[in-house]
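Please read the structure below before turning to the comments.
Below, chain A is the first sequence line, B the second, and so on; all start at residue 1.
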Amino acid sequence: MREAADTARLSGALLEWYDRHARVMPWRVAPRDGRSGLRADPYAVWLSEVMLQQTTVAAVRPYFETFTRRWPTVRALAAAEDAEVMGAWAGLGYYARARNLLKCARVVTDDHDGRFPDSYAALLKLPGVGPYTAAAIAAIAFDRPEVVVDGNVERVMARLHDIRAPLPTAKPELTALAARLTPRKRPGDYAQAVMDLGATVCTPRSPACGICPWMQDCAARAAGAAAELPRKLPKKAKPVRLGIAYVAQRTDGALLLERRAARGLLGGMLGWPGSDWAETAPDPAPPLDAQWEELDAEARHTFTHFHLRLRIHIATAPPGATPSRGQFVERTRFRPAELPTVMRKVFDLAHGRLDEIR
DNA sequence: TATGCGTGGAC
DNA sequence: TGTCCAAGCAT
């Protein structure tokens, strides 16, 4: 157990480092000196934190810009159509976040008069807001001294204290260690400072210990073990699943698309009608009667827990054809960017040949 | 507590 | 090429 004076020195040293090295991000205000009174917009903090769940800053940046331009306030977002928001989220992944984002915007608008609650407990009740996000919003937007623990903080704590127990077993211990270090002053800056440290210095591979403000205090560095921590339980192998995607184009260029079920994989997103995805070869079941042609190429895509190989069948839909699934979307209204990545891969492989046979 | 849930970049 | 990884949450 560290002395209180020691923890104050550590958090102080990190805040000094952050004052000099904080990265510029569109959802941030400049580091505070405790007097400026500047606070980040809770809507921007919430939106960015949800986008940043398991997602890199580089990937989030353009999406954040798009969302705040189209929907500058939580009320504006709450009033958006579901399909608009899902389309705007396409490509960012973990689509349950987008579904919960809309739910949350509507709860804040309808039940909280358009203002985000300012306490950890109230934030935690919101859809899509878990322990990390609730603490982050409370600290960053409302200056509350909450303990913010994400993957960066876990890694930094595991190294600082040389914790050899693997994740996720070690998470409670790492959270307790993070709690001891969290200062009462500038909690939002402190939270962002630890995460920035983890993202730029105390990185998963090849940590830059030589420039770390906590170099002298790091137990793992002293033991020569920094790069090996945190340990993690081994992961399961990903099985390969097989499927068929059907891309039908009408002679006027309209494409047959289908809104996926609201829950589960790619829930609520637009896609091509197709078979289930399973480890055994699927039986063909095209969504309309036509002269189907199977492409030589297949779309390969890796999800969180399986690899997918998607065979692609294409056809020109006969005039007046009525599909058993999905609906035709005018070509001028079709935006490949509104498809999840695996479906966009299918389109990229299909569209040249599609126009040849039309 | 364990599992399902995306994507793109780094190595 | 394959593997690992990132500012987690819901069930």
Under 4.0 Å between a side-chain N/O of [X] and OP1 or OP2 of [N], yes or no?
X      : N     : result
A:H301 : B:dT7 : yes
A:K232 : C:dA6 : yes
A:R155 : C:dA6 : yes
A:Y95  : B:dT7 : yes
A:Q54  : C:dG8 : yes
A:H305 : B:dC5 : yes
A:R344 : B:dG8 : yes
A:T55  : B:dG8 : no

Are [X] and [Y] close enough for a salt bridge, meaning some N to O gap below 4.0 Å?
X      : Y      : value
A:K345 : A:D348 : no
A:R353 : A:D296 : no
A:D113 : A:R75  : yes

Round to the nearest Å and state the distance from [X] atom [atom1] to [N] atom [atom2].
X      : N     : atom1 : atom2 : result
A:L92  : B:dG8 : CG    : C1'   : 11 Å
A:F306 : B:dT3 : CZ    : C1'   : 14 Å
A:R231 : C:dC4 : CZ    : P     : 17 Å
A:I137 : C:dG8 : CD1   : P     : 13 Å
A:M51  : B:dT7 : CE    : C1'   : 14 Å
A:L197 : C:dA6 : CG    : C1'   : 16 Å
A:L229 : C:dC5 : CG    : P     : 13 Å
A:R205 : B:dG9 : CZ    : P     : 14 Å

For the residue pair A:Y132 and A:E49, confirm or rule out a side-chain donor-acceptor distance under 3.5 Å. yes
Between A:Q192 and A:R28, is there a side-chain donor-acceptor contact under 3.5 Å, judged purely by atom types and distance? yes
When the P atoms of C:dC9 and B:dG8 are compared, how many Å lie between them, rounded to an integer? 22 Å
Minimum-distance nucleotide to A:Q53 side chain [options: C:dG8, C:dT11, B:dG9]: C:dG8
Residues in residues 233-246 of chain A with a heavy atom under 4.0 Å of DNA chain B, by number, are A:K236
Taking atom types as they are modelled, would you say the side chain of A:T302 forms a donor-acceptor pair with the base of C:dG2 within the 3.5 Å cutoff? no
Spell out yes or no: do the side chain of A:T341 and the base of B:dG6 have one donor N/O and one acceptor N/O closer than 3.5 Å? no
On DNA chain C, compare the nucleotides closest to A:L124 and A:L52; which residue's is nearer the 5' end? A:L52
Would you mind telling me which residue lines up with the more 5' stretch of DNA chain C, A:E49 or A:N100, judged by nearest nucleotide? A:E49
Using a 4.0 Å heavy-atom cut-off across all strands, classify [X] as base, sugar-phosphate, or nothing.
X      : value
A:M343 : nothing
A:P131 : sugar-phosphate
A:L266 : sugar-phosphate
A:V129 : sugar-phosphate
A:G91  : sugar-phosphate

Do A:I244 and A:L295 belong to the same hydrophobic cluster, where Ile, Leu, Val, Met, Phe, Trp and Tyr are linked whenever their side-chain heavy atoms lie under 4.5 Å apart, directly or via other members? no
Is atom CG of A:D355 surrounded by more than 12 heavy atoms (other residues, nucleotides or ligands) closer than 6.0 Å? yes
Assess whether salt bridge (charged side-chain N to carboxylate O under 4.0 Å, His left out) is satisfied between A:D19 and A:R186, documenting all intermediate values. CA-CA 11 Å; A:D19 287 337; A:R186 301 179 65 189; 2.7 Å; yes
Within the 6.0 Å centroid threshold, strictly below: A:F303 and A:H301: yes
Full working for salt bridge (charged side-chain N to carboxylate O under 4.0 Å, His left out) between A:R180 and A:D6: CA-CA 10 Å; A:R180 284 188 214 163; A:D6 210 12; over 6 Å; no
Output row for DNA chain C, stems defined as at least 3 consecutive Watson-Crick or G-U pairs under 3.5 Å, is B:2-5 with C:8-11, B:7-11 with C:2-6
Roughly how far, to the nearest 0.5 Å, is CG of A:L257 from CG of A:L339? 6.5 Å
